[in-house]
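Provided herewith is a single structure, encoded as structure tokens, for subsequent inquiry.
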Amino acid sequence: MNKTLIKPDYIFESSWEVCNKVGGIYAVLSTRANTLQNALRDHVFFIGPDCWGEKINPYFIQDDALLAEWRAQAVKEGLNVKVGRWDIPGQPISIIVDFQPYFAKKDEIYGQMWQDFQVDSLHAYGDYDEASMFSYAAALVTESLYNFLGLQDKKVIYHANEWMCGLGALYIHKNIPAIGTIFTTHATSIGRSIAGNNKPLYEYLWAYNGDQMAEELNMQSKHSIEKQTAHYVDCFTTVSDITATECKELLEPVDVVLPNGFENDFVPKAAKFTSKRNAARKRILQMANCLTGCEYPADTLIVATSGRYEFRNKGIDVFIEAMNRLNGDARLNKQVLALIEVPAWVGCPRADLQERMASGKTYDTALETPMLTHWLNNMDEDKVLNMMKSLDMWNQRENKVKVIFVPCYLTGDDGILNIPYYDCIIGNDLNVYPSYYEPWGYTPLEAVAFKVPCITTDLAGFGLWANSVKGAYSEIADGVKTVHRTDYNYSEVADSIKDTVAQFSNFSDAEVKKARTAADKLSKKALWKEFIKYYWQAYDFALKNK
């Protein structure tokens, strides 16, 4: 670490995803925690929402002996907290706070925020109130613990993640100005909304007015808390250069870019890796046979996409288009099984498919709707199914490319594959993430960690980073193929994906091995030991900027 940087003595970090696994930010925080713990043993406090009540939180180990005296004091102050450790590597101290009591004084809190920081909460709807009350509660927890531990002469950081924690950062900024405040937006709410509403984000980014677009898209309150927090905190950060450009146009210029690292301790080694890969491939190919009635040779190329169900933003539409075009590509040298592993409005696992899989037999007839593993609650309105039907993609025997929609969270108990996501990804040959809007991109980073080469775009922070490592556009032989994507070149992107998969299908064993090794090497350049330096820079910036 650079000796001239000011290092914090204590860090308080709040996020809706502390001990609450609902999205990609959980991966960012939970993998970074160990590195921070090693540097500041038990001087890092993660604050998350108590969404579990009386039920057991599977991510949290309660410890009533930990900070017991402060907890007794907190009760007197009206704070309802659980103290313990986050059940992740490093096991940092975590405080889970009940935010429900603050709804009673919501209008008073919002009124004060308007008076102090001109935060517009009048147009709030959906999850705005819930997130803001948690954020307020997290700030009260920080204030209480700060005073109890007597940290007035210490260097202290308060780090708020996403607009959902903005209100708390502003509270700390006003009430404990000695604390250095950091705000990280992992994606701007207005940028994501522009992209998700089929508006061209990039070509016209310079011309968009964030406030005006927030009004047009009914996003005033989320945009307002995000913009005002970005303006007032001591250090405003985001996760990639592409989102930094977006922030500059729609919110405020960024002070430090904090790329998302990860730890690869979940990747099995040596013989265990091979055995898990073989098991995953066997299970996936068996499922495909039972569903489609077609046989899949051992060298079938398993290609997958995964992530949140943002049909355009995540490029799910382009993936389907590319697989459809690949069917007619004469250069394709292998059978392709393409999986769309995206949680949808899932109803239940298919009983007919379960029955076939339990029998252990091989089948030569397809089931009804042979591209879907689970029934959906909205079969007629689902975008993936509708696009596949409109392109006549019914996984017919003569199709070299079969596409199967796995519309559930792969937690190991989905009723069909019954293997967790990481145990599934290890069986893939290629992963595809043709994102239109992707501030960073954890899914391709996870893929390359499992030695699975992947295709992404230069509208994803990860794709731009892969290019920067190479010093040119990254190709599939480098472990990652970065496709050029704009607001308007959907068709070219689909063709580029199709061409890359066809090219990969013709790779020799040695070329495949080289690409897999390159993917593995690239993933190691994104470990937290490489990226944590940017956080030390942000802490230093905030402490100097108080």
Side-chain angles (χ1 to χ4, degrees), residues 1-15 18-19 29 32-48 63 65-79 81-86 88 90-97 116 135-161 165-184 229 232-237 255-256 258 528 532-546:
M1 196 195 312
N2 188 326
K3 294 282 191 294
T4 61
L5 295 181
I6 298 176
K7 183 181 173 185
D9 299 309
Y10 286 83
I11 297 169
F12 294 85
E13 183 157 4
S14 67
S15 168
V18 167
C19 303
L29 273 59
R32 171 163 45 83
N34 197 25
T35 304
L36 289 181
Q37 264 286 71
N38 289 336
L40 297 168
R41 174 65 51 185
D42 281 354
H43 283 195
V44 184
F45 302 98
F46 285 96
I47 307 169
D63 182 352
L66 195 58
L67 297 172
E69 287 181 31
W70 168 71
R71 206 157 44 83
Q73 172 68 27
V75 170
K76 290 177 192 166
E77 294 171 12
L79 289 168
V81 296
K82 293 171 187 165
V83 179
R85 295 188 180 273
W86 196 349
I88 52 175
Q91 293 201 332
I93 295 174
S94 298
I95 300 158
I96 306 303
V97 60
D116 294 337
S135 183
Y136 181 75
L140 294 185
V141 165
T142 301
E143 182 180 42
S144 173
L145 196 48
Y146 176 87
N147 290 327
F148 182 83
L149 295 174
L151 303 183
Q152 287 75 7
D153 61 343
K154 301 292 185 185
K155 297 184 285 292
V156 182
I157 287 289
Y158 184 80
H159 189 167
N161 289 277
C165 290
L167 192 143
L170 293 177
Y171 178 94
I172 296 291
H173 179 80
K174 179 194 173 187
N175 293 287
I176 322 175
I179 292 182
T181 48
I182 298 178
F183 174 51
T184 300
T229 308
Y232 282 103
V233 290
D234 299 311
C235 181
F236 175 41
T237 71
D255 298 311
V256 182
L258 303 174
W528 277 117
I532 199 67
K533 62 187 177 191
Y534 301 108
Y535 280 78
W536 296 120
Q537 288 168 18
Y539 300 147
D540 172 77
F541 190 99
L543 291 167
K544 284 177 178 167
N545 202 36
K546 287 195 283 74

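Just so it is clear, the values below take in all heavy atoms, side chains as well, and ignore hydrogens, waters and symmetry mates.
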What class does the angle between the rings of W528 and Y535 fall in, given that below 30° is parallel, 30 to 60° is tilted and above 60° is perpendicular?
->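 Ring orientation, 0 to 90° scale: perpendicular.
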
Kindly say whether I182 contributes a backbone atom to a donor-acceptor pair with the side chain of D234 at under 3.5 angstrom?
->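 Absent.
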
Kindly compute the distance separating CZ (F46) from CD1 (I11), expressed to the nearest 0.5 Å.
->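 One gets 8.0 Å once the value is rounded to the nearest 0.5 Å.
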
Is there a donor-acceptor pair under 3.5 Å between the side chain of T181 and the backbone N or O of V233?
->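 No, T181 side chain to V233 backbone: no donor-acceptor pair under 3.5 Å.
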
Determine the interplanar angle of the F12 and F45 rings, folded into 0 to 90°, and report it as parallel if under 30°, tilted if 30 to 60°, perpendicular if over 60°.
->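 Plane angle under 30°, so parallel.
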
Do I176 and Y158 come within less than 4.5 Å of each other through their side chains, counting heavy atoms only?
->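 Side chain of I176 against side chain of Y158, heavy atoms only: no contact under 4.5 Å found.
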
Taking all non-hydrogen atoms of both residues, which atom of V83 and which atom of R71 are closest, and how far apart?
->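 Residues V83 and R71, closest heavy atoms: CG2-CD, 3.5 Å.
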
Give the minimum heavy-atom separation between G150 and D153, together with the two atoms involved.
->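 Shortest heavy-atom contact: O-OD1, 3.8 Å.
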
Is any side-chain heavy atom of N161 less than 4.5 Å from a side-chain heavy atom of H159?
->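 N161 reaches H159 side chain to side chain.
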
Should the ring pair Y136 and Y171 be called parallel, tilted or perpendicular, given that the plane angle runs from 0 to 90° and is split at 30 and 60?
->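 Perpendicular.
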
Nearest-0.5 Å distance, CD1 of residue I157 to NE2 of residue H43 |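 One gets 15.0 Å once the value is rounded to the nearest 0.5 Å.
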
Considering all heavy atoms, the nearest P92-A33 contact |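 Scanning both residues, the minimum pair turns out to be CG-CB, 3.9 Å.
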
Between the main-chain N or O of A160 and the side-chain N or O of S15, is there a donor-acceptor pair closer than 3.5 Å?
->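 No, S15 side chain to A160 backbone: no donor-acceptor pair under 3.5 Å.
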
Verify, without hydrogens or angle tests, whether D540 (side chain) and W536 (backbone) share a donor-acceptor contact under 3.5 angstrom.
->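 No, because the side chain of D540 does not come within donor-acceptor range (under 3.5 Å) of the backbone of W536.
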
Should E69 and F148 count as side-chain neighbours, where that means a heavy-atom distance under 4.5 Å?
->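 Contact flag for E69/F148 side chains = yes.
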
To the nearest 0.5 Å, what is the distance between NZ (K154) and CD1 (I179)?
->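 If I round to the nearest 0.5 Å, the distance is 14.0 Å.
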
Nearest-0.5 Å distance that lies between atom CD in Q73 and atom CG in N147 |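 It is 9.5 Å, given to the nearest 0.5 Å.
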
Beyond-backbone contact of L66 with R85, side-chain heavy atoms, under 4.5 angstrom =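 Yes, close enough: below the 4.5 Å cut-off.
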
Would you confirm whether E13, through its side chain, and I47, through its main-chain N or O, come within 3.5 Å as a donor-acceptor pair?
->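 Looks like no, no N/O pair under 3.5 Å.
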
Flag the pair L79 / S144 as yes when at least one side-chain heavy-atom distance between them is below 4.5 Å, and no otherwise.
->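 In short, these two side chains touch, coming nearer than 4.5 Å.
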
Report yes or no: does D255 contribute a side-chain atom to a donor-acceptor pair with the main-chain N or O of F236 at less than 3.5 Å?
->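 It does hold such a pair.
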
Could you check if a side-chain atom of C235 sits within less than 4.5 angstrom of a side-chain atom of V256, using non-hydrogen atoms only?
->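 Yes. Closest side-chain heavy atoms under 4.5 Å.
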
Any idea which heavy atoms bring A169 and T229 closest together, and the distance?
->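 So the minimum-distance heavy-atom pair works out to CB-CG2, 4.0 Å.
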
Do the side chains of K82 and I95 get nearer than 4.5 Å, heavy atoms only?
->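 No. Closest side-chain heavy atoms not under 4.5 Å.
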
So, do H173 and D116 sit near enough that their side-chain heavy atoms are less than 4.5 Å apart?
->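 A side-chain contact under 4.5 Å is absent here.
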
Point-to-point distance, once rounded to the nearest 0.5 Å, from CD1 of I172 to CG of L140 |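 The CG atom of L140 is 8.0 Å from CD1 of I172, to the nearest 0.5 Å.
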
